[in-house]
Engineer: 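Quick one: the structure is below, and I'll ask about it shortly.
Numbered from 1 within each chain, the chains take letters A, B, ... in sequence-line order. Since the model is a prediction, treat every value here as computed from it, not as a measurement.
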Amino acid sequence: MENKKIRVRFAPSPTGMLHIGGARTALFNWLYARHYNGTFVLRIEDTDQVRSTEEAVNVILEGMKWLGLDWDEGPGKGGEYSPYYQMQRLHLYQKYAKQLLKDKKAYYCYCTREELAESREKQSKENKSLKYDRHCLSLSEEDKKRYEAEGRKPVIRLKIPTKEIAFNDLLRGEVTFDGGLLSDFVIMKSDGIPTYNYAVVIDDALMKITDVMRGDDHISNTPKQIVIYEALGFDVPKFAHIPMIMGEDHAKLSKRHGAASVMEYRKMGYIPEALVNYIAHLGWSSGSNREIFSVEEIAKEFTLDKISKHAAVFSMEKLNWFNSEYLKKMPIDFLTKMLLPFLKEANYIENEENLSPAKNEYIKEVLKLMQGRIKNFSQFIDYADYFFVDKINIEPQAFGSVLNKEGVPGILQALEEKLSAIKCWDEESSENAVRKVASSLQIKGGQIIHPTRVALSGKKVGPGLFELMVVLGQDKTVKRLKKAIEKIKEAKNRK
RNA sequence: GCCCCCAUCGUCUAGGGGAUAGGACACCGCCCUUUCACGGCGGCGACAGGGGUUCAAAUCCCCUUGGGGGCACCA
């Protein structure tokens, strides 16, 4: 085989978010480039005048950066083959279109949308494959002038040869199509902007892309593109069509399935490394029984033979598991830093930047308590609220079933007195206090532990009580116990 | 309708002529335990169907079925 340096690309169209499926395609290309020490190109396919927005471009770039998928050439980076925005490359598409026209491999078509629709409908009735009827294939100069006089703006269509078109897919082996069944598709729209199937080829060829890795929804586009490569005498790249990602109902992943956009996962508090690890496993596997890999480790092992051929269903449950694993294993300082924006957003802290060392330490300690209990940072906000607010919210169910019981105020009272007297506030002393109160009242530890937890956190579940008390501090612990006793009394009086 | 791709537990997958078909998530049970988690141990659970080829098929071939994608002046 040629030892050309591998060049791959990710070419999203900026018409919305960075989709999970797109991100996975980007990731596979990135991994492939890194594995073979190749070049990863990012190109923006913004030829859809109506739907493309600059904002969407930014969302995509941001998403890529968040995932850690850095590109070697593309927006913000430049490169030998710039520009990397298709709308800045119009002259190139026009140039090659002229050549195709001159070589009689493409032709002007003046048919209106109505005429086209009519023809398609007729074919549909006759159960034929839908293709252009070549009405304009051999128009005379007079015909063209007449149409132009009518005000018709022509498109340029590619003339598809009647022959077998085959390519060797790196994942699937040989795939063949009958050119006779393909339609003479439009390569240049009447406004002078190229269509996808045409622009892709010009750019991939000019940018010297060696391997085109993309979703298998592009398989049927491939023969059309090959016709263009051949018509222009370009080298045809290798193709690898990777399986798609589906929603739980096995339909194409979309908003209906919950979060389909990469940025939504960031908002929900997933760790990018975990997301990357998970989506890498959608269609790829190391061949071993290991699941947790750093992206570098995946790149090292990433080869085409380990990619499966069938679509994969995106599972939130499994993503949660990956995220929990990262939550448990990543350095606490790193996680603490990542948590700050969420605390800010929830108004648990004033400012992310000028945190006092003490406050930072406090957050870190709280996070340590929650680390093994949360699936993402959004959950942290819900589960750990009582560490950050003055007035805690006692869940009604917890109040009714645990606090508002016979004897509880007395127990809390006794504990509060014992705790107030502690000189050295640590886990050992607080546990001792609780145990002593329990034995003097002749009750089991649980009978005192459970109401205390609710009094301090408002919840029935959470970290071990003694570590919770230590992090919360003596002052707050005592105050909350008193407050709880009051509340129980209030509830009694109301009856 | 036409064309193309795909098919192992519910899900992600390993395996690719001879295996008790392996792992992970989820689920269930037990242990640990002050709750919830974590962790440990165990369990449930799959080769879509039918034909070939072969001494032997989950594995190779064909058909059927099922799923997915495409057939735009969208990408």
Engineer: Does Tyr132(A) have Arg134(A) sitting over its ring (NZ/CZ under 6.0 Å from centre, angle to axis within 45°)?
Structural biologist: no

Engineer: Quick one, give me the B/S/- string for nucleotides 3-9 of chain B, reading 5' to 3', where B means a protein heavy atom under 4.0 Å from the base and S means that only happens at the primed atoms, P, OP1 or OP2.
Structural biologist: SSSSSS-

Engineer: Identify which nucleotide among rG1(B), rA37(B), rG39(B) has an atom closest to any side-chain atom of Leu130(A), counting heavy atoms from C-beta outward.
Structural biologist: rG1(B)

Engineer: Phe466(A) near the nucleic acid: base, sugar-phosphate alone, or nothing, with a heavy-atom cut-off under 4.0 Å?
Structural biologist: base

Engineer: Write down the partner of rA24(B) under the Watson-Crick or G-U wobble criteria, each distance required to be under 3.5 Å.
Structural biologist: rU11(B)

Engineer: Is the centre of the His218(A) ring less than 6.0 Å from the centre of the Tyr196(A) ring?
Structural biologist: yes

Engineer: Counting side-chain heavy atoms from C-beta on, which of rA75(B), rA26(B), rC71(B) comes nearest to Lys224(A)?
Structural biologist: rC71(B)

Engineer: Considering only the P atoms, how many Å lie between rC47(B) and rG22(B), rounded to the nearest integer?
Structural biologist: 13 Å

Engineer: Give one of base, sugar-phosphate or nothing for Asn221(A), where a contact means two heavy atoms less than 4.0 Å apart.
Structural biologist: base

Engineer: Of the nucleotides rU34(B), rA72(B), rU13(B), which has the atom closest to the Ala312(A) side chain?
Structural biologist: rU13(B)

Engineer: To the nearest Å, give me how far apart CE (Met246(A)) and P (rG10(B)) are.
Structural biologist: 18 Å

Engineer: Please determine if a side-chain N or O atom of Arg120(A) lies less than 4.0 Å away from the OP1 or OP2 oxygen of rA72(B).
Structural biologist: yes

Engineer: So Gly464(A), base contact, sugar-phosphate only, or nothing? Heavy-atom distance under 4.0 Å.
Structural biologist: base

Engineer: Counting any heavy atom closer than 4.0 Å, what does Gly215(A) reach on the DNA or RNA strands: base, sugar-phosphate only, or nothing?
Structural biologist: nothing

Engineer: Answer with yes or no whether the side chains of Asn376(A) and Tyr270(A) bring together a donor and an acceptor at under 3.5 Å.
Structural biologist: yes

Engineer: Find the distance Asn277(A):CG to rA24(B):C1' and express it as a whole number of Å.
Structural biologist: 12 Å

Engineer: In whole angstrom, what separates Phe314(A)'s CZ from rU13(B)'s P?
Structural biologist: 13 Å

Engineer: Check the distance between rA26(B)'s C1' and Phe322(A)'s CZ and give it to me in whole angstrom.
Structural biologist: 14 Å

Engineer: Do Lys224(A) and Phe185(A) form a cation-pi contact, if we require the NZ or CZ to be under 6.0 Å from the six-membered ring centre and within 45 degrees of the ring's axis?
Structural biologist: yes

Engineer: Does any donor atom in the side chain of Arg172(A) or His241(A) lie under 3.5 Å from an acceptor atom in the other side chain?
Structural biologist: no

Engineer: Can you find a donor-acceptor pair, distance only, under 3.5 Å between Ser190(A) side chain and rC73(B) base?
Structural biologist: yes

Engineer: Please give, in whole Å, the distance from rC25(B) P to Asn323(A) CG?
Structural biologist: 15 Å

Engineer: Could you work out the separation of rA21(B) and rU59(B) based on their C1' atoms and round it to a whole Å?
Structural biologist: 11 Å

Engineer: Pairing check on rA57(B): which nucleotide meets the Watson-Crick or G-U wobble criteria with it, both distances under 3.5 Å?
Structural biologist: none

Engineer: Given rA75(B), rU13(B), rG69(B), which nucleotide is nearest the side-chain atoms of Ser308(A)?
Structural biologist: rU13(B)

Engineer: Classify Pro223(A) by what it touches in the nucleic acid, base, sugar-phosphate, or nothing, heavy-atom distance under 4.0 Å.
Structural biologist: nothing

Engineer: Between Phe302(A) and Phe28(A), is the ring centroid distance below 6.0 Å?
Structural biologist: yes

Engineer: Identify whether the distance between the nearest side-chain nitrogen and carboxylate oxygen of Glu148(A) and Lys153(A) falls below 4.0 Å.
Structural biologist: no

Engineer: Determine the contact category for Thr195(A): base if any of its heavy atoms lies under 4.0 Å from a base atom, sugar-phosphate if only primed atoms, P, OP1 or OP2 are that close, otherwise nothing.
Structural biologist: sugar-phosphate

Engineer: On the nucleotide rA14(B), are OP1 or OP2 found under 4.0 Å from the side-chain N or O atoms that Ser285(A) carries?
Structural biologist: yes

Engineer: Once you apply a heavy-atom cut-off of 4.0 Å, does Glu317(A) come out as touching a base, just sugar-phosphate, or nothing?
Structural biologist: sugar-phosphate

Engineer: Which of these nucleotides, rG68(B), rC73(B), rC12(B), is closest to any side-chain atom of Val186(A)?
Structural biologist: rC73(B)

Engineer: Please give the distance between the C1' atoms of rA19(B) and rG1(B) as a whole number of Å.
Structural biologist: 46 Å

Engineer: Which part of the nucleic acid, if any, lies within contact of Val155(A), taking any heavy atom under 4.0 Å across all strands shown: a base, the sugar-phosphate backbone alone, or nothing?
Structural biologist: base

Engineer: Would you indicate which nucleotide in rG39(B), rU34(B), rC12(B) comes nearest to any side-chain atom of Lys328(A)?
Structural biologist: rG39(B)

Engineer: Reading RNA chain B from 5' onward, which residue's closest nucleotide shows up sooner: Ile193(A) or Gly287(A)?
Structural biologist: Gly287(A)

Engineer: Across the strands shown, which category fits Lys131(A) at heavy-atom distances under 4.0 angstrom: base, sugar-phosphate, nothing?
Structural biologist: nothing

Engineer: Below 4.0 angstrom from OP1 or OP2 of rA75(B), is there any side-chain N or O of Lys189(A)?
Structural biologist: yes

Engineer: When all nucleic acid strands are considered with a 4.0 Å heavy-atom cut-off, which category describes Met244(A): base, sugar-phosphate, or nothing?
Structural biologist: sugar-phosphate

Engineer: Between rC44(B) and rG52(B), how many Å separate the two P atoms, rounded to a whole number?
Structural biologist: 34 Å

Engineer: Select base, sugar-phosphate, or nothing to describe what Met188(A) touches, counting heavy atoms under 4.0 Å on all strands.
Structural biologist: nothing

Engineer: May I ask you to say whether Glu115(A) pairs ionically with Arg113(A), meaning some side-chain N is under 4.0 Å from a carboxylate O?
Structural biologist: no

Engineer: Side chain of Arg51(A) only, heavy atoms from C-beta on: which candidate in rA24(B), rC74(B), rG39(B) is closest?
Structural biologist: rC74(B)

Engineer: With a non-hydrogen cut-off below 4.0 angstrom, is Arg157(A) in contact with a base, only sugar-phosphate, or nothing?
Structural biologist: sugar-phosphate

Engineer: Looking at Tyr147(A) versus Tyr108(A), is the centre-to-centre ring distance below 6.0 Å?
Structural biologist: no

Engineer: Now, which nucleotide makes the Watson-Crick or G-U wobble pair with rC71(B), with each of the two distances under 3.5 Å?
Structural biologist: rG1(B)

Engineer: Would you please classify the geometry between the Phe293(A) ring and the Trp284(A) ring as parallel, tilted or perpendicular, with 30° and 60° separating the classes?
Structural biologist: perpendicular

Engineer: Provide the distance between the two C1' atoms, one in rC61(B) and one in rG29(B), to the nearest whole Å.
Structural biologist: 45 Å

Engineer: Expressed in whole Å, how much space separates the P atoms belonging to rC38(B) and rA26(B)?
Structural biologist: 8 Å

Engineer: When all nucleic acid strands are considered with a 4.0 Å heavy-atom cut-off, which category describes Lys252(A): base, sugar-phosphate, or nothing?
Structural biologist: sugar-phosphate

Engineer: Which value, in whole Å, describes the distance between the C1' atoms of nucleotides rA48(B) and rC9(B)?
Structural biologist: 14 Å

Engineer: Measure from the side chain of Arg373(A), starting at C-beta and using heavy atoms only, and say which of rA24(B), rC36(B), rC73(B) lies closest.
Structural biologist: rC36(B)

Engineer: NA contact type, Thr47(A), heavy-atom cut-off 4.0 Å: base, sugar-phosphate, or nothing?
Structural biologist: sugar-phosphate

Engineer: Mind calculating the distance between CG (Leu116(A)) and P (rC74(B)) to the nearest angstrom?
Structural biologist: 12 Å

Engineer: Does any pair with a residue in residues 315-328 of chain A pass salt bridge (charged side-chain N to carboxylate O under 4.0 Å, His left out), and if so which ones, sequence neighbours excluded?
Structural biologist: Glu291(A)-Lys318(A), Glu325(A)-Lys328(A), Glu325(A)-Lys329(A)

Engineer: Could you measure between the two P atoms, the one in rG70(B) and the one in rC28(B), and give it in whole Å?
Structural biologist: 38 Å

